[in-house]
Novice: 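Here it is, the structure in full.
Sequence positions, counted from 1, serve as the residue numbers for this chain. Small disclaimer: the values here were computed from a predicted structure and weren't measured. Computation of the quantities below employed the complete heavy-atom set of this structure, encompassing side-chain atoms and omitting hydrogens, waters and symmetry-equivalent molecules.
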Amino acid sequence: MKVLKFGGTSLANPERFLQAAQLIEQAHLAEQAAAVLSAPAKITNHLVALSEKAPLNQSTDQHISEALEIFYNIINGLYEKNNKFDLVGTRKIIDQEFAQIQELLAQMQQTGQCPDAVKATIDSRGEKLSIVMMKAWFEACGYQVTLINPVEKLLAYGSYLESSVDIEISTQRIQAETIPAKNVVLMPGFTAGNEQGELVLLGRNGSDYSAACLAACLQASVCEIWTDVDGVYTCDPRLVPDARLLSSLTYHEAMELSYFGAKVIHPRTIGPLVQTNIPCLIKNTGNPTAAGTVINANVVSEQLQVKGITNLDNLSMFNVSGPGMQGMVGMAARVFSTMSKANVSVILITQSSSEYSISFCVPTKLTEVALTALNQEFAQELASQQLEPVEVIKDLSIISVVGDGMRQSKGIAARFFTALAQSNISIVAIAQGSSERSISAVVAQNKAIEAVKATHQALFNNKKVVDIFLVGVGGVGGELIEQIKNQKQYLAGKDIEIRVCALANSNKMLLNENGLDLSHWQQDLDNATQPSDFDVLLSFIKLHHVVNPVFVDCTSADSVASLYARALKEGFHVVTPNKKANTRELAYYQLLRDNARRNQRKFLYDTNVGAGLPVIENLQNLLAAGDELERFNGILSGSLSFIFGKLEEGMTLSQVTALAREKGFTEPDPRDDLSGQDVARKLLILARESGLNLELSDVEVEGVLPAGFAEGKSVEEFMAMLPQLDAEFSARVENAKAAGKVLRYVGQIEQGKCKVSIVEVDSDDPLYKVKNGENALAFYTRYYQPIPLLLRGYGAGNAVTAAGIFADILRTLQSNGGING
């Protein structure tokens, strides 16, 4: 005999109902089948609403009409497939059952009460009617049917709404009845009978448990649970699309997973099967040829140390603590005895090694019941301050990692907790079973999905995913997008996926939690209707529980730089070439670093100074190794490097400025480069990195242009006036050349002071040959002296800057926390 159980989604409409019937028939023809049925989808919700609303004298008409419509739709569909189906008789039974329900509702409306016994009989009518419909179908197909009445055959102990089956007595009752081998066996799920023969429920979603109990009583060959997924996954595939389907689980693994929230199987299902060593097979009604997941005692290893990750939501944690706890024999017993008497289920327990406190989790719906019971039990200790007031933390979830292989494997807990830490998820409590089969962490419920995603990625998935939120899609931003597109295949080979989830300019933005299609991003952004709004971005990452969001700012806007502190606080990494944030007031500069450290996020800005050159990273590594910066000389502007190189070759200032502007080496207004302010910002960043607490106003700046030159003029007017300076600059170039030197625009740090100016350098200086757009940075340190550490390369251009940003984005995949590390 094989037992098959079908859930509500497998019976939701005529097509699915018929598919379930076909599967039962196939099993019956192979070795005889007993089927346990749930109520069709949505029916139980309607019935529960009836028993809740009637005592409050609220209208129940809509629930009744919608429930009847579901049943009528199913039986009409069955009749269309087989006109031998007893449509009239089946509809009559349905109508009679609902007439009885309405009588009970009328009584509840009069009394304002719904006794548990009455609620049980109403809530379980869906299962009863599923059996009525299935029996009529098989009889129409020429089969004889044996009905097992669970109220008569399954003896259960407990309350009307939550009981447990006595397998030994129930087995005797069922086996006392002769079931003809040719008969199809049917039994409604969810229900049993108490010692008085009254109907009791086996808990919400208890039909899985019913099937397991029937399988044990019949000594079935297998118990098949038919549902709407292919089997048991490593975690909920609706949360993590790349969750793995498990081919097998041990009984103990399945019990742990179901206890801690795995939705595919009811927590109590495994118990009856373990006692009789009956395998359980999880199958998909919508995909019956799929292998499914087998649960038994003899599992072939899949080389998986961890089998699953679950989240159990809607919990509250109680903390009972105080000096009276220490050394007081029986305190723990009193706490949990009190919970038992109050009929409160305790889900997880932790205790401090000092015996100062005991913490445990209960379902949120039982919070007030539990708190009242504890306050009454410990009223004397609370009054004498031997105990502190009971602390309650609500809106929690338990994230559990489960697997028999954890017992022989090292480092699972470390990887679990590291994944949570890197996702900026605080842990409220930790518990591990003595079997070492599971380890659990209590976290805030609004972080539960992120926790599952991060843990699954750490334990099951070699692929690393970065979700980018890009602001600024001009030259550098546009080039970055192209590089991401071009590198997609290469990174995939290294198990890295870069998803651009948002693109924004100053007016509009595009959003997609699964990553935007970048093949025509410019057109899509032009047609976007969503205004640019940072608050929308924040809501987006919270709504979709993005684990590794990276805010990339490719603008030069101070307004965007002002968002960094908040972005870091809200869970973004920040990557930017924008120098405005790091050159604002020292208080903001420090706030960025504090927020990055506190929230385990990265603030990466290597492109602030040297475009694609790893300037900041190398300087930080030197300082971390104990080196000290004694002085610095550097050419920090690619545009000014180009201009001064061409001056050396004989071009005039106006000619080379026009050429640099034409090639896109300067800002649209070349005065932004020639003023020296951009170089001053870069120099200030280096000074601050080296430990100097300076403001931008502390940097001495000698611009290329005389003070006030062309002030208030348009760009074109400025360019027309620029030849006025040609003669003076040509003379300076010739004077330097006569002395064997060249002119360079240099930033200098020495004796705690910063200066930006035109400097004559000779052939012994490392900056002598630097031109044509190159940057060169000479760090004179305790370790690098007298020959400096020299970093040299192109410091201008969209491609090298975008490449530097891309490198910083990839660095967010390294261990999180702190600035650049």
Novice: Considering residues, nucleotides and ligands other than Gln385, do more than 12 of their heavy atoms fall under 6.0 Å from its CD?
Specialist: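 At most 12 heavy atoms, drawn from other residues, nucleotides or ligands, come within 6.0 Å of this atom.
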Novice: With the side chain counted from C-beta on, respond yes when Arg268 and Ser164 share a heavy-atom pair under 4.5 Å apart, and no when they do not.
Specialist: yes
Novice: Answer yes or no: are there more than 12 heavy-atom neighbours, outside His63 itself, under 6.0 Å from its atom NE2?
Specialist: yes
Novice: Is there a donor in the side chain of Ser359 and an acceptor in the side chain of Asn319, or the other way round, less than 3.5 Å apart?
Specialist: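 Yes, Asn319 and Ser359 have a side-chain donor paired with an acceptor closer than 3.5 Å.
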Novice: May I ask you to check whether Ser321 and Glu388 show a side-chain donor-acceptor distance below 3.5 Å?
Specialist: yes
Novice: If you measure only the distance, is there a donor-acceptor pair under 3.5 Å linking the side chains of Asp553 and Thr555?
Specialist: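 Side chains of Asp553 and Thr555: pair found under 3.5 Å.
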Novice: Before you tell me yes or no, could you show the steps for Lys5 and Asp208 under side chain to side chain contact (heavy atoms under 4.5 Å, CB included), namely the whole-Å CA-CA distance, both residues' side-chain angles and the distance that decides it to 0.1 Å?
Specialist: CA-CA 7 Å; Lys5 177 266 176 180; Asp208 285 0; 2.8 Å; yes
Novice: So does Ala565 get a backbone contact from the side chain of Asn595, meaning a donor-acceptor N/O pair under 3.5 Å?
Specialist: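 Pair found, side chain donor or acceptor close to backbone of Ala565.
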Novice: Do Lys602 and Thr812 have side-chain atoms, one donor and one acceptor, less than 3.5 Å apart?
Specialist: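 Note: Lys602 and Thr812 side chains miss the donor-acceptor criterion.
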Novice: Is a side-chain donor or acceptor of Lys42 paired with a backbone partner of Ala12 at a separation under 3.5 angstrom?
Specialist: no
Novice: Answer yes or no: is there a donor N or O on one side and an acceptor on the other, between the side chain of Lys569 and the main chain of Asn599, under 3.5 Å?
Specialist: no
Novice: Quick one: does any side-chain atom of Arg601 pair with a main-chain N or O of Leu568 as donor and acceptor, under 3.5 Å?
Specialist: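 Absent.
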Novice: Let me see the working for Ser440 and Ile430 under side chain to side chain contact (heavy atoms under 4.5 Å, CB included), right down to the final yes or no.
Specialist: CA-CA 6 Å; Ser440 301; Ile430 297 169; over 6 Å; no
Novice: Does Thr367 use its side chain to pair, donor to acceptor, with the backbone of Thr364 at less than 3.5 Å?
Specialist: yes
Novice: For the residue pair Arg593 and Asn582, confirm or rule out a side-chain donor-acceptor distance under 3.5 Å.
Specialist: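 Yes, because at least one side-chain N or O of Arg593 sits under 3.5 Å from a partner of the opposite role on Asn582.
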Novice: Taking the six-membered ring for Trp and the full ring for Phe, Tyr or His, determine whether the centres of Phe551 and Phe534 are under 6.0 Å apart.
Specialist: yes
Novice: So does Asn343 have more than 12 non-hydrogen atoms from other groups sitting under 6.0 Å from CG?
Specialist: no
Novice: Quick check on Lys488: does its NZ atom have over 12 non-hydrogen neighbours (other residues, nucleotides or ligands) under 6.0 Å away?
Specialist: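 Open.
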Novice: Which atom pair, heavy atoms only, marks the closest approach of Pro363 to Ile347?
Specialist: CD-CD1, 3.8 Å
Novice: Between Phe318 and Phe360, is the ring centre distance below 6.0 Å?
Specialist: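 Judged by ring-centre distance (under 6.0 Å), Phe318 and Phe360 do meet the cut-off.
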Novice: When you compare the side chain of Glu391 with that of Ile393, does any pair of heavy atoms fall below 4.5 Å?
Specialist: yes
Novice: What's the separation between atom SG in Cys554 and atom CD1 in Ile805, rounded to the nearest 0.5 Å?
Specialist: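 If we round to the nearest 0.5 Å, Cys554:SG and Ile805:CD1 are 3.5 Å apart.
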Novice: So, Arg499 side chain and Asp467 main chain: donor-acceptor pair closer than 3.5 Å or not?
Specialist: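 No; zero donor-acceptor contacts below 3.5 Å.
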Novice: Between the main-chain N or O of Arg244 and the side-chain N or O of Thr234, is there a donor-acceptor pair closer than 3.5 Å?
Specialist: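 Looks like yes, one N/O pair under 3.5 Å.
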Novice: Is it the case that Asp404 and Thr250 place a side-chain donor and acceptor less than 3.5 Å from each other?
Specialist: yes
Novice: Please check if any side-chain donor atom of Arg584 sits under 3.5 Å from a side-chain acceptor atom of Ser562, or the reverse.
Specialist: yes
Novice: Which residue, Ile468, Leu813, Val550, forms the side-chain contact (heavy atoms from CB on, under 4.5 Å) with Ile498?
Specialist: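 Exactly one candidate clears the test, Ile468.
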Novice: Can any side-chain N or O of Asn578 pair as donor or acceptor with the backbone N or O of Ala557 at less than 3.5 Å?
Specialist: yes
Novice: Grab the two heavy atoms, one from Ala528 and one from Leu510, that are nearest each other, plus how far apart they are.
Specialist: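 Here Ala528 and Leu510 meet closest at CB-CD2, 3.6 Å.
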Novice: Testing the 3.5 Å rule here: is there a donor-acceptor pair between the side chains of Asn608 and Asp606?
Specialist: no
